Amino acid sequence: MTQGSTATATGAAMRLGPQPGEVIDRNRTIEFRWNGRAYQAHPGDTIISALAAAGERVFSRSYKYHRPRGLLTADFLDPGCQLQVGDEPNVRAAHRLVEAGMDVRSQNTWPSLKFDVKAVNGLAGRFLATGFYYKTFIKPERLWPAYERVLRKFVHAGEVSPDTEHGYYDKRYAHPDVLVTGGGPAGMAAAVAAARAGARVLLVEEEHHLGGHLRWGDDTARAVRAELAEQVRSEPGIEVLTDSVVVGRYDDNWIGVMQRNLPHVVERLVKVRAKSLVVAPGLVERPYVFTGNDLPGVMLSTAARRLINLYAVKPGERAVVLSANPEGDAAVADLQRAGVEIAAVADARRGQRVVRARGRGGVQSVELADGSRIDCDLLVTAVGWTAPTSLLNMAGARPVYRPEVARFVPDPAHTPDGVLAVGGIAGDGTLDQLREHADAVGREAARRAAQLAHRLHGALPTRPRDAAPQPAPVTDPVPIPELPLAEHPELFFSTHGFVDFSEDVSSKDLVTAVKEGYDSVELVKRYTTATMGPAQGKLETVNTVAIVAAATGRSIAETGTTTWRPMYAPVTLGALAGRSFEPIRHSPMQPWHERHGATPLVAGQWIRPEHYGDPAAEVRTVRSGVGIIDVTPIGKLDLRGPDVAKLLNLLYVNKWSKLDIGRVRYGVMCADDGVVLDDGVTGRLGDDHYLMSTTSSGAATVWEWVENWLQTEHPDWQVHVTPVTTAYASINVAGPRSRELLGRLTEGVDLRPEAFGYMNVRTGTVAGVQDCVLWRIGFTGELSYEIHLPASYGLHVWERLIETGADLGVVPFGVEAQRILRLEKGHFIVGQDTDGLTQGYTAGLGSLIKLDKADFVGKPELAWQAERGGYPQLVGLLPVDGDVVPPEASQIITGGGHIAGRITSSRMSPTLGRAICLGQVDSGLAEAGTRVTVRLPDGRDVEAVITAHHAQVDPEGERQRV
Amino acid sequence: MMLLPCPWCGPRNASEFRYVGETGPRPDPTTATPEQWRRHLYFHANPRGWVRESWYHRAGCRRYFAAERHTATNEVRSSGGHS
Amino acid sequence: MSSSNNGTGNRNGSRNGHRPLRRGRRYSAWSLLQHGLSGADWPVTFRSHPKRDSYDVVIVGGGVHGLATAYYLAANHGIRNVAVLEKSYIGSGGSGRNTAILRSNYLTPEGVRFYDRSVKLYEHLAAELNFNVMFSQRGHLTLAHNDASLRTMRWRTEVNKLQGVDSEVIGPDEVKKLVPYLDTSSTTRYPVLGALYHPPGGIIRHDAVVWGYARGADAHGVHIHQKTEVVGIDVEGGRVTGVRTDDGHRIATPVVVNCTAGWSTLISDMAGVSMPVQTFPLQAAVTEPVKPFLDTVIVSGTLHVYVSQTDRGELVFGASVDPFASYSTRGSLEFAEGVAGHVLELMPALSKMRLLRQWAGLCDMTPDYSPIMGPTPVGGFYVDVGWGTYGFKAGPVSGEAMADCIANERPPEIISAFGLDRFEAGRLVGEKGAAAVGH
């Protein structure tokens with residue numbers, strides 16, 4: 001039927017004259033490309049309606065058998081209408097509107113859609129039976145990878161391009177009283193009723209226009225649509241989102257809505273906390289299972305009616321209609337009006353059935369159960385409906401099967417308070433009955449929302465006690481009329497045909513699976529993959545259940561359905577991700593670091609200078625002159641109150657009761673399992689005022705840890721904790737000439753060693769900045785001062801230190817130099833030299849841990865560890881060949897490859913000119929002088945000797961005390 | 001996402017909180033046997049049903065508090081006070 | 001229980017090489033052709049039986065652990081009077097909800113040895129069970145985005161190599177060659193500094209493993225009772241005497257094995273055995289299919305995400321367990337948002353792919369990220385629980401070891417580190433360091 005040529009854009013062979021409900025703009029024509037050829041469309045056309053108007057009827061090839069597939073539902077769910085649009089795979093082309101210049105291609109066809117080589121699989125269908133994969137390719141084992149490569153070539157989908165950019169996606173929060181999902185007559189009526197009852201309403205419609213099935217209905221239906229749409233439009237309390245879909249309902253009515261039609265935004269995820277959810281998705285028309293039911297030209301009654309009424313497309317020339325309901329009858333009328341010859345109407349209510357459709361590349365004839373055979377190019381079926389109860393299921397509801405109406409219906413007894421159903425999903429009835437029901441439900445949803453708002457407001461403890469209580473909202477439930485359920489014959493299958501069009505699963509496959517013992521619907525689903533494709537069961541589940549029921553001899557109700565899970569409709573990863581907000585933290589000195597060529601290091605959220613070119617030179621300068629390092633990420637907690645000392649005594653393993661004002665002390669925290677948690681120094685600034693430092697990575701953990709012990713174990717202690725990590729910028733000035741440098745900039749602090757000794761703290765003015773805290777401590781092992789100063793002056797003080805120290809040869813040093821310096825000094829790093837099981841004594845804290853304290857966190861386990869002995873130990877190691885630095889994580893082994901420890905830190909020491917290490921070893925190897933074997937990553941073994949101290953440089957600590 | 005009733009801030013999204021979990025009283029460190037101590041550290045009732053547990057309102061008032069939650073439905077009822 | 005079998009068996013798992021599948025029940029290309037031509041029905045894969053009044057062993061939980069235990073009890077030890085009780089359908093729990101990733105690149109020697117045995121059993125499982133489980137050993141990459149994780153990757157690598165497991169640390173260029181879609185530029189928020197590359201790791205068809213074991217166990221005479229929930233365990237004089245089921249049966253048995261995940265506390269409670277377990281949901285999601293472009297499994301511990309592409313073209317995503325304990329499997333929008341954001345950090349070109357479905361399973365987390373296997377203080381009550389997020393990987397070796405443990409009435413060496421008594425004794429296993437996201 002395809003016509004036209006490559007020279008001119010293909011026209012509109014099947015386009016009808018103007019239709020009263022059409023949504024296309026005939027005044028304008030746009031061009032797009034389909035498999036390389038130019039086609040015309042009107043704005044408002046979907047990709048598929050434009051192609052169908054041009055006479056195309058094959059849009060894809062099926063998964064396993066590469067059978068030609070065309071239109072089935074003519075909406076978002078249409079399994080045969082997933083196309084590649086530009087770099088976007090799997091586009092729902094029966095929903096997506098045509099845009100000028102679109103490049104649309106069929107997926108998974110080679111060499112072309114019309115002639116597909118893999119269609120040969122269709123001939124082999126009897127061998128590609130159920131569970132085919134599980135039964136073959138078992139032997140020889142070595143060939144399976146080759147088989148697998150071939151299988152992967154058959155993947156039935158579009159392609160992603162490595163060049164696709166993460167476009168602009170957006171997110172939004174909304175807090176409506178009532179969220180109505182579905183903008184058909186019931187959804188619109190419920191929204192209007194809720195808004196008139198005072199609720200703020202968000203109305204979400206999956207299609208491009210409000211109206212639901214009224215849009216392709218008769219004059220009366222269209223008039224009602226217009227009336228309801230006008231009511232919605234004029235109600236200020238209603239916000240309408242079209243081309244948007246509720247994708248999931250989560251705990252406490254937390255609801256994801258995907259909005260697809262915003263300009264300049266690819267998709268937007270709206271996260272909604274709704275007080276009431278009104279579920280109004282309508283009904284999904286169910287395909288009929290019979291031989292040949294997947295041929296192009298076999299379509300649902302709703303698909304034919306959409307094509308004619310919305311897009312003015314003639315679905316075929318000569319039709320057979322299988323009708324079991326008024327909608328099917330209406331389709332007959334529409335087809336006649338559109339000039340389609342009705343070859344036969346098979347009335348399923350009178351027992352007539354279609355048993356087979358025949359044709360090559362499309363329907364050419366249809367066989368009825370009475371044996372008659374009718375030539376046609378179109379077969380329209382109207383055999384019943386599926387209630388898309390996904391959102392109700394996600395809310396914990398359990399719909400029940402009612403055979404007399406041939407569908408699952410919600411059970412209000414098992415639906416939570418905040419969720420209500422209206423429209424076709426809830427029942428049938430006349431349009432007036434549906435509107436009346438929806439009106440009552442809308443008012444009830446508003447009432448429940450108001451009640452919940454009142455309850456939540458009452459739960460707000462910050463409300464002033466003397467505030468007048470909010471008047472309770474009206475509490476009488478709105479009486480909701482019963483919706484009748486229209487009787488409908490149970491029509492699922494006549495002969496064997498396709499059940500899942502996306503997955504190429506036939507009813508025969510399902511029956512085979514049952515016979516093989518996969519006799520529950522869940523096992524059948526997993527074994528055959530039926531319902532696991534892009535429509536997620538909305539078209540396929542009930543037919544699957546019906547066929548499994550028939551094959552097992554159980555009823556549909558006994559067989560039950562599979563679980564409906566989010567997403568209700570597929571969502572792009574881009575929309576779920578939104579814009580990328582990955583927080584990073586910089587110190588106030590970052591601009592200086594960047595200007596001076598610092599190599600950045602990612603350390604958790606912090607980006608820090610790793611070095612400024614030559615870390616070894618930085619180390620040498622610190623040992624011989626003076627260097628400064630930005631240590632702002634060090635965690636800092638300001639502790640105030642009369643009970644701080646008690647707190648410190650509880651949290652640190654060492655003693656804190658006698659810390660004088662102006663002194664600082666090093667401490668280690670363990671958890672109650674005795675495992676090392678964090679370390680740092682804490683200084684006493686005043687009577688009831690301390691500043692605690694933590695590791696950079698442990699800052700948040702320690703803060704919560706401190707609060708936990710205070711709030712839950714000792715609420716009577718008076719301690720106030722303020723995290724001040726980023727309130728201060730922190731600079732360590734280290735090296736033999738640090739005092740000299742600092743002396744030039746400091747006021748109000750006597751820096752002489754006798755006045756400001758090692759492990760002391762002073763406050764004063766540095767470079768004109770008041771209220772700086774100076775700690776004389778020595779992570780590097782040199783004379784050094786750690787300055788914590790108001791963060792906004794960080795860059796200023798840093799620059800002043802550099803300028804003022806120019807003649808002293810001051811250099812900035814980075815994290816790498818600091819790591820080397822501390823390793824030379826033998827200081828361990830929590831989380832590197834210790835791990836998730838390293839208890840205090842293993843870390844070499846024997847002299848620090850004070851078991852004579854009445855209690856401290858971790859004490860019992862540490863006491864037992866000491867008693868037990870035999871634990872691994874953190875030790876210093878020197879490789880015998882000082883030129884070999886065993887990489888960190890190299891294993892220490894004994895005979896037979898038994899692991900007896902590992903290197904936890906290692907570097908080439910610029911000070912000593914040799915390799916130095918820390919490591920954990922089994923207790924038997926921990927004695928000084930023991931030679932151990934280290935297995936290098938390249939497989940070589942080297943010897944190392946355990947040293948008496950962790951420190952290899954200045955173990956006595958002379959240099960830091962000067 | 002469930003709402004948690006912070007006794008200080010009212011009902012808030014669960015993502016604002018850090019889960020602490022079931023907490024029992026810390027045994028007396030001077031008398032506890034290793035077995036008692038480790039049962040405290042490692043063992044949980046872990047019921048499928050109502051459980052009293054601690055939460056920390058990390059992105060809010062930074063208070064620890066206790067709430068009762070049904071572990072199958074995630075329905076929450078405040079039990080008030082400290083954990 | 002007694003058996004003459006000792007040791008850890010041959011490379012194919014079942015030691016006696018006994019092939020219980022009779023002619024006509026075996027799957028092969030030939031049988032496929034025959035059935036295709038004749039249209040004859042395939043034999044039943046696993047059968048239903050009436051419940052007996054007593055069994056020698058009752059296994060609670062019809063997932064891969066329970067079914068493998070049953071299979072190896074019968075195949076390796078000749079113990080065939082065995083019932084597997086499953087409250088829903090087989091494979092309905094963790095076995096059908098995991099992301100089907102296999103690997104053995106653990107951190108501790110005991111962990112590595114254990115999972116290496118599991119991978120070896122998986123490698124030959126299709127032949128062993130005559131059921132193609134589609135194990136695709138496509139390689140497994142654990143990305144390191146910072147120094148600390150790179151050091152942990154080296155640690156795992158070095159331990160792996162000493163246990164004979166194929167792992168190595170590779171640089172960003174080699175990573176890029178393996179995964180061209182990965183953004184390995186140094187300017188990203190989470191630069192790829194390197195990766196732990198584990199070539200034997202890969203993915204498998206998880207349901208097929210369940211069905212294969214069920215079919216194998218069935219062929220050996222094991223009874224599989226689906227839709228049968230255990231509601232009570234009878235203990236007399238400190239020993240198990242039987243179980244009660246929701247259909248009113250009381251089954252006498254001297255041995256009950258708790259092979260459940262998500263329910264291990266509840267089942268153990270029935271026998272009066274308390275567990276150091278907390279149950280957390282673990283979520284996963286799958287996209288719509290696209291043409292294959294991702295040939296390895298990718299894991300990022302820092303970003304809490306793992307990704308693989310199935311032979312059907314779908315991307316399967318997983319993350320770490322939910323932030324709070326729960327028995328809910330409803331899943332959350334936060335998970336979907338988080339996993340999508342993290343995947344796009346790694347592979348920005350995937351923004352137009354669509355998430356199709358999300359789900360959750362239940363994970364029983366233990367304090368040391370290692371399982372609890374073996375006897376309990378109640379005689380005849382065994383546990384194979386506490387599998388956290390890594391239970392599926394361990395299915396075959398767990399079944400083999402538990403069968404050995406039951407038949408010989410003592411835990412075999414390979415699971416000796418995983419006893420329930422280790423918690424009160426303070427002998428925790430050191431996997432916690434590497435297992436924040438261990439897939």
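Nothing here was measured: the structure is a model prediction, and the numbers come from that model. All values below were derived from every heavy atom in this structure, side-chain atoms included, with hydrogens, water molecules and symmetry-related copies excluded. Here is the naming used below: chain letters follow the sequence lines, and residue numbers restart at 1 for every chain.
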* Asked: Under the salt bridge (Lys or Arg N to Asp or Glu O under 4.0 Å) criterion, do A:Lys271 and C:Glu334 qualify, and how do the steps go?
  -> CA-CA 10 Å; A:Lys271 295 191 275 183; C:Glu334 294 64 58; 5.8 Å; no

* Structure fact -> Taking every heavy atom of C:Ser351 against every heavy atom of A:Thr572, the minimum-distance pair comes out as O-CB, 3.5 Å

* Structure fact -> With chain C, the option among A:Gly517, A:Ser890, A:Pro570 that has the most non-hydrogen atom pairs under 4.5 Å is A:Pro570

* With a 4.0 Å cut-off, would you call C:Glu288 and A:Arg92 a salt bridge? -> yes

* **Min side-chain heavy-atom separation C:Gln137-A:Glu148 under 4.5 Å** => no

* To do: Please flag which part of C:Arg138 lies under 4.5 Å from any non-hydrogen atom of chain A: side chain, backbone, both or neither.
  => side chain

* Under a 4.5 Å heavy-atom cut-off, does chain A meet the side chain of C:Thr310, its backbone, both or neither? -> backbone

* Asked: What residue in C:Leu356, C:Val290, C:Val210 has the most heavy-atom pairs under 4.5 Å with chain A?
  -> C:Leu356

* To do: Begin from the C-alpha positions of C:Trp211 and A:Tyr134 and carry the test side-chain contact (heavy atoms from CB on, under 4.5 Å) through to its verdict.
  => CA-CA 10 Å; C:Trp211 302 330; A:Tyr134 309 124; 3.7 Å; yes

* Asked: For C:Val159, is it the side chain, the backbone, both, or neither that has a heavy atom closer than 4.5 Å to a heavy atom of chain A?
  -> both

* **A:Ser697, part contacting chain C, at a heavy-atom distance under 4.5 Å** => neither

* chain C interface, residue from A:Leu936, A:Leu837, A:Ile255, A:Asp519 that has the most non-hydrogen pairs under 4.5 Å -> A:Leu837

* To do: Can you establish whether the number of heavy atoms outside A:Lys508 located under 6.0 Å from its atom NZ is more than 12?
  => no

* Top residue by heavy-atom pair count (under 4.5 Å) with chain A, among C:Pro180, C:Ser328, C:Ser186, C:Gly96? -> C:Gly96

* So do the side chains of C:Arg354 and A:Leu573 get within less than 4.5 Å of each other, counting heavy atoms only? -> no

* Asked: With side chains defined as the heavy atoms from C-beta onward, is the minimum distance between A:Gln891 and C:Trp155 less than 4.5 Å?
  -> yes

* Do C:His124 and A:Glu141 have side-chain heavy atoms sitting under 4.5 Å apart? -> yes

* **Any A:Val160 side-chain heavy atom under 4.5 Å of C:Met353 side chain** => yes

* Asked: If we only count heavy atoms from C-beta on, is the A:Ile899 to C:Gln163 side-chain gap below 4.5 Å?
  -> yes

* Asked: Would C:Phe135 and A:Trp144 satisfy ring pair (Phe, Tyr, Trp, His ring centres under 6.0 Å), going step by step from the backbone distance to the final call?
  -> CA-CA 9 Å; C:Phe135 184 13; A:Trp144 163 242; 9.8 Å; no

* Asked: Quick one: what part of C:Leu182 sits under 4.5 Å from any heavy atom of chain A, side chain, backbone, both or neither?
  -> neither

* **Main-chain N/O of C:Asp207 paired to A:Tyr527 side chain as donor or acceptor, under 3.5 Å** => no

* From CG (C:Leu333) to CG (A:Asp251), nearest 0.5 Å -> 11.5 Å

* Among A:Leu576, A:Leu269, A:Asp87, which residue forms the greatest number of heavy-atom pairs with chain C at distances under 4.5 Å? -> A:Leu576

* Less than 4.0 Å between a side-chain N and a carboxylate O, is that true for A:Glu165 and C:Lys352? -> no

* **Most chain A-contacting option - heavy-atom pairs closer than 4.5 Å, from C:Gly313, C:Gly338, C:Pro292** => C:Pro292

* To do: Flag the one option from A:His898, A:Met394, A:Glu861, A:Gln605 with the top tally of heavy-atom pairs under 4.5 Å to chain C.
  => A:Gln605

* Going by distance alone, is a donor N or O of one side chain under 3.5 Å from an acceptor N or O of the other, for A:Gln832 and C:Arg151? -> yes

* chain A interface, residue from C:Ser332, C:Gly341, C:Pro191, C:Pro109 that has the most non-hydrogen pairs under 4.5 Å -> C:Ser332

* To do: Considering non-hydrogen atoms only, spot the tightest contact between A:Asn90 and C:Pro289 and give its length.
  => ND2-O, 2.8 Å

* **Expected output: side-chain C:Arg189 to main-chain A:Ile584 donor-acceptor under 3.5 Å** => no

* Contacting moiety of C:Ile90, where chain A heavy atoms sit under 4.5 Å -> both

* **Step-by-step salt bridge (Lys or Arg N to Asp or Glu O under 4.0 Å) determination, C:Asp295 to A:Arg152** => CA-CA 10 Å; C:Asp295 294 331; A:Arg152 281 162 69 91; 3.0 Å; yes

* Of all of A:Glu88, A:Gln536, A:Gln84, which one pairs up most often with chain C through heavy atoms under 4.5 Å apart? -> A:Gln536

* Between C:Ser88 and A:Glu522, does a side-chain contact (heavy atoms from CB on, under 4.5 Å) hold up when you go through it step by step? -> CA-CA 10 Å; C:Ser88 182; A:Glu522 288 283 3; over 6 Å; no

* Indicate yes or no: at least one non-hydrogen side-chain atom of A:Arg902 is less than 4.5 angstrom from one of C:Glu158. => no

* Hey, are the side chains of C:Glu345 and A:Glu582 touching, using non-hydrogen atoms and a 4.5 Å cut-off? -> yes

* To do: May I ask you to name which of C:His342, C:Arg154, C:Arg205, C:Gln358 has the most heavy-atom pairs under 4.5 Å with chain A?
  => C:Gln358

* Could you please spell out the steps behind the salt bridge (Lys or Arg N to Asp or Glu O under 4.0 Å) verdict for C:Glu123 and A:Arg142? => CA-CA 10 Å; C:Glu123 282 172 352; A:Arg142 69 190 148 76; over 6 Å; no

* For residues C:Ala349 and A:Pro162, report the shortest heavy-atom separation together with the two atoms involved. => CB-O, 3.4 Å

* Structure fact -> Greatest number of non-hydrogen atom pairs under 4.5 angstrom with chain A, of C:Tyr190, C:Phe131, C:Tyr89, falls to C:Tyr89

* Asked: Relative to chain A, which segment of C:Ala336 carries a heavy atom at a distance below 4.5 Å: side chain, backbone, both, or neither?
  -> both

* Under 4.5 Å from a heavy atom of chain C, the part of A:Glu503 involved -> side chain

* To do: Can you sort out the partners of A:Arg819 under side-chain contact (heavy atoms from CB on, under 4.5 Å), two or more places apart, ordered by chain and number?
  => A:Leu601, A:Glu610, A:Val815, A:Glu816, A:Arg907, C:Asp147

* To do: Flag the pair C:Lys291 and A:Glu159 as a salt bridge only when some basic side-chain nitrogen lies within less than 4.0 angstrom of an acidic carboxylate oxygen.
  => no

* Structure fact -> Answer key: most heavy-atom pairs under 4.5 Å with chain C among A:Gly939, A:Ser161, A:Gly604 is A:Ser161

* To do: Give a yes or no on whether a salt bridge exists between A:Arg149 and C:Asp311, defined as a side-chain N under 4.0 angstrom from a carboxylate O.
  => no

